[in-house]
Protein chains: 2
Amino acid sequence: MTAYEPSHEQACDLVASGLENSMLISVLGRCRVDYDGRASSTLDAGDRLVVLKPDGTVLVHTEEGQQPVNWQPPGCSQEVTVTDTLEIRSHRDTPSEELTVSFEFVAHAVAYDVTDDQNLSLQGTEADMRERILSDPEMLEDGFEPRATERETPAGAVDIYGTDADDNAVVVELKRRRVGPDAASQLNRYVEALKRDLHAEKSVRGILVAPSVTERAQHLLDKYGLAFIPLQPVTDS
Amino acid sequence: MTAYEPSHEQACDLVASGLENSMLISVLGRCRVDYDGRASSTLDAGDRLVVLKPDGTVLVHTEEGQQPVNWQPPGCSQEVTVTDTLEIRSHRDTPSEELTVSFEFVAHAVAYDVTDDQNLSLQGTEADMRERILSDPEMLEDGFEPRATERETPAGAVDIYGTDADDNAVVVELKRRRVGPDAASQLNRYVEALKRDLHAEKSVRGILVAPSVTERAQHLLDKYGLAFIPLQPVTDS
DNA sequence: TCCTTTATGTCGACC
DNA sequence: GGTCGACGTAAAGGA
């Protein structure tokens with residue numbers, strides 16, 4: 001279903017029909033946009049691409065930027081009306097949010113029935129790093145043995161919990177990118193929380209594993225007595 | 001410029017022409033997607049919407065989700081070729097990333113010349129909270145006087161730096177959302193850094209301003225001796 | 001539902 | 001270019 005420079009009525013019919021039949025809808029033209037909800041914003045008339053997905057997502061894209069200039073998350077309800085403009089309204093509760101797009105001119109409108117049952121397979125993530133360390137723990141240090149992943153502490157869940165050659169408790173925090181002070185603080189919170197949990201039965205060491213570390217973060221690590229081990233998220237040759 | 005169920009050659013011409021003339025291009029059809037760069041991923045054939053922006057952005061959207069399933073950031077170079085499939089390739093250096101979309105069927109293809117010089121005006125942000133406190137400092141506490149914003153410390157820049165009724169130094173950290181332990185740690189780092197900077201000439205207090213606080217973060221604040229003041233990002237009535 | 005963490009986060013500001 | 005922090009972050013996974 002497609003329309004080139006449709007009248008507001010034609011465009012309204014197409015969008016309404018697309019909404020009814022759970023189609024992917026794309027409308028290109030000159031519009032203004034108003035949003036009110038968690039924040040609020042206004043956008044005066046300009047040329048934009050508006051996408052409506054069958055899951056209730058709305059995206060408003062301008063000619064630049066990777067991110068939509070306005071949007072609604074999945075699960076919203078859409079309705080379309082025509083007065084002197086073509087108005088697409090999207091609403092949700094919890095939190096209450098409303099997005100209104102008013103087209104003064106529609107260049108193209110398309111509705112298409114879309115199915116995509118293929119799942120994305122992704123490598124090079126933090127989950128990958130964890131799997132590699134679990135399959136070869138001594139890559140961290142000799143004698144390291146993982147005991148648990150996602151072990152809970154009062155400060156949150158630890159990526160890898162284990163013991164070293166001297167049977168000290170070891171907390172390993174993984175980051176796939178260069179780390180800043182936040183990661184050092186986070187690891188320190190885990191170590192301190194575990195020390196309290198273990199009632200000082202044994203000492204607790206902390207190891208931060210990431211490709212590299214900023215200067216400020218290294219200072220924090222030194223101050224806290226934590227270790228850093230460099231590791232790239234993907235092996236590659 | 002638009003095409004309904006074009007041949008690969010027609011679609012290729014349309015996309016090539018759109019790229020050449022810095023137009024916004026949208027292609028809807030059945031394709032597979034391969035990405036290799038910061039991570040790497042594969043996506044088998046399915047129906048998707050592909051958007052090419054004049055700034056070099058590429059977005060691949062499926063029927064669900066607010067985020068694109070694959071993408072390239074602004075500044076990438078695109079090229080389009082046709083063999084037995086219509087292939088759109090996008091590449092950039094630093095970091096080296098490549099995205100390839102192969103269409104086995106094109107349902108719609110559109111290229112449109114877009115201009116949007118309107119800027120989005122947004123309210124209810126952290127910047128708003130800062131302005132409100134600066135215009136009425138006593139909303140935090142009687143006698144509070146702002147001395148600087150973005151004051152630099154070895155731990156980073158402080159949102160608002162000021163003094164209280166007893167001339168103690170005060171560090172104010174703003175968050176527009178409910179805060180977790182990270183914010184408490186961050187504020188503590190600022191306070192500790194300022195104590196060192198000021199050579200203990202005066203005591204340094206820390207105030208975290210946000211709509212609300214998690215239990216864990218409140219514990220951390222208590223431990224560090226920091227204060228919390230609830231404040232909504234938007235006043236409203 | 002709330003809470004926490006990750007992300008090919010993206011984006012902007014500053015150095 | 002690197003570093004840092006905000007975002008109407010979104011999305012996933014657990015309690």
Side-chain angles (χ1 to χ4, degrees), chain A residues 35-41 57 59-60 64-75 92 94-99 120 122-130 149-150 152-153 155-159 173-183 186 189-190 212-217 233-234, chain B residues 33 35-41 57-60 64-76 92 94-99 120 122-130 150 152 155-159 173-183 186 190 212-217 233-234:
Chain A
Y35 160 75
D36 195 54
R38 286 171 288 175
S40 76
S41 70
T57 302
L59 305 171
V60 181
E64 64 177 13
Q66 178 172 348
Q67 295 304 123
V69 66
N70 273 119
W71 70 92
Q72 287 284 72
R92 74 157 168 169
T94 64
S96 173
E97 287 189 300
E98 184 146 284
L99 180 71
L120 184 74
L122 183 63
Q123 313 161 31
T125 63
E126 192 179 300
D128 270 4
M129 297 175 73
R130 185 176 59 237
T149 62
E150 305 293 319
E152 277 299 332
T153 77
V158 164
D159 282 338
E173 175 68 20
L174 305 174
K175 297 289 172 191
R176 68 174 303 280
R177 292 194 308 171
R178 180 174 175 82
V179 290
D182 282 0
Q186 188 182 358
R189 287 203 306 276
Y190 293 154
S212 65
V213 59
T214 67
E215 200 177 347
R216 278 177 183 166
V234 210
Chain B
V33 185
Y35 159 75
D36 196 53
R38 288 170 290 174
S40 76
S41 70
T57 302
V58 182
L59 304 172
V60 182
E64 63 178 15
Q66 177 172 348
Q67 295 304 125
V69 66
N70 275 118
W71 69 92
Q72 286 284 74
C76 296
R92 74 158 168 168
T94 62
S96 172
E97 287 188 300
E98 183 145 286
L99 180 72
L120 184 72
L122 183 63
Q123 313 160 31
T125 64
E126 190 178 302
D128 270 3
M129 296 174 72
R130 184 174 62 237
E150 305 292 319
E152 278 299 332
V158 164
D159 282 337
E173 175 68 19
L174 305 174
K175 297 290 173 190
R176 66 175 302 281
R177 290 193 308 168
R178 181 176 174 81
V179 291
D182 282 1
Q186 190 182 355
Y190 293 153
S212 64
V213 58
T214 68
E215 200 177 347
R216 279 176 180 165
V234 210

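Quick note on labels: first sequence line is chain A, next is B, and so on, each numbered from 1. Bear in mind the structure is a predicted one, so any value in this text is a computation, not a measurement.
- One distance of note links OG1 of B/T125 with CZ of B/R130; it measures 8.0 Å at 0.5 Å rounding.
- Atom-to-atom, CD of B/E150 to P of D/dA6 comes out at 9 Å; the value is rounded to the nearest Å.
- Within the 4.5 Å cutoff, the side chain of B/Q67 has no heavy atoms near those of the A/T57 side chain.
- A/T125 comes within contact range of the sugar-phosphate backbone alone, with a heavy-atom separation under 4.0 Å but no base atom that close.
- Checking B/Y35 against B/E152, the closest nucleotide of DNA chain C that is more toward the 5' end is the one next to B/Y35.
- Base contact: A/E97 has a heavy atom under 4.0 Å from a base atom.
- Within 4.0 Å (heavy atoms only), B/P95 reaches no atom of the nucleic acid at all.
- Counting any heavy atom pair closer than 4.0 Å across all strands shown, A/A183 reaches no nucleic acid atom.
- The two residues A/V179 and A/A217 have their closest heavy-atom pair at O-CB, 3.8 Å.
- Looking at the side chain of A/Q67, the nearest of the listed nucleotides D/dC7, C/dT6, C/dT10 is C/dT10.
- Contact annotation: A/Y190 side-chain N/O to C/dT5 OP1/OP2 distance is under 4.0 Å.
- Residue contacts shown for B/P68 are absent, as no nucleic acid heavy atom lies under 4.0 Å away.
- Residues A/E97 and A/R38 share a closest heavy-atom pair of OE2-NE, 2.8 Å.
- Going from atom CG of A/L59 over to atom P of D/dA10 covers 11 Å, rounded to whole Å.
- Here the C1' atom of nucleotide C/dT6 and the CD atom of A/Q186 are 10 Å apart, to the nearest Å.
- A/Q66 has its side chain within reach of B/P74: a pair of non-hydrogen atoms, C-beta onward, lies under 4.5 Å apart.
- In this entry the distance linking CE of A/M129 with C1' of C/dT5 reads 15 Å, nearest Å.
- Ranking C/dT6, C/dT8, C/dT1 by closeness to the A/T94 side chain, first place goes to C/dT1.
- Nearest nucleotide to the side chain of A/D159, out of D/dG8, C/dG9, C/dT6: C/dT6.
- Contacts of B/N70 with the nucleic acid, taken as non-hydrogen atoms under 4.0 Å apart, include base atoms.
- Judged by distance alone, with hydrogens and angles left aside, the side-chain atoms of B/R176 form a donor-acceptor pair with the main-chain N or O of B/G124 at under 3.5 Å.
- A straight line from CZ of A/R178 to C1' of C/dT8 spans 19 Å, rounded to a whole angstrom.
- If you take atom P in D/dC4 and the same atom in D/dG8, they sit 23 Å apart, rounded to whole Å.
- Phosphate contact (OP1/OP2 of D/dA6, side-chain N/O of B/R177, threshold under 4.0 Å): absent.
- Applying the 3.5 Å distance criterion, the base of D/dG5 shares no donor-acceptor pair with the side chain of B/E173.
- Closest approach of A/E126 to A/K175, counting heavy atoms only: OE1-CA, 4.2 Å.
- Where B/P74 and A/R189 each meet DNA chain C at their nearest nucleotide, the meeting point lying more 5' is that of A/R189.
- Rounded to whole Å, the distance from CZ on A/R216 to C1' on C/dC15 is 11 Å.
- Look at the C1' atom in both C/dT5 and C/dG9: the space between them is 13 Å, to the nearest Å.
- Distances from the side chain of B/W71 to the nucleotides D/dC7, C/dT8, C/dT5 place C/dT8 closest.
- Annotation: of the two residues near DNA chain D, A/V179 and A/S41, the 5′-most nearest-nucleotide partner is A/V179.
- Side-chain nitrogen and oxygen atoms of B/T214 include none within less than 4.0 Å of the OP1 or OP2 phosphate oxygen of C/dC2.
- Residue A/Q72 contributes atom CD, which lies 9 Å from atom C1' of D/dG8 at whole-angstrom precision.
- At the heavy-atom level, B/G65 lies under 4.0 Å from the strands shown only through sugar-phosphate atoms.
- Between D/dA6, C/dC11, C/dT5, one nucleotide has an atom nearer to the side chain of A/Q66 than all others, and that is C/dC11.
- The CZ-P distance, from A/R130 to C/dT5, rounds to 14 Å in whole Å.
- With C1' as the reference atom, C/dT8 and D/dG14 are 25 Å apart, rounded to whole Å.
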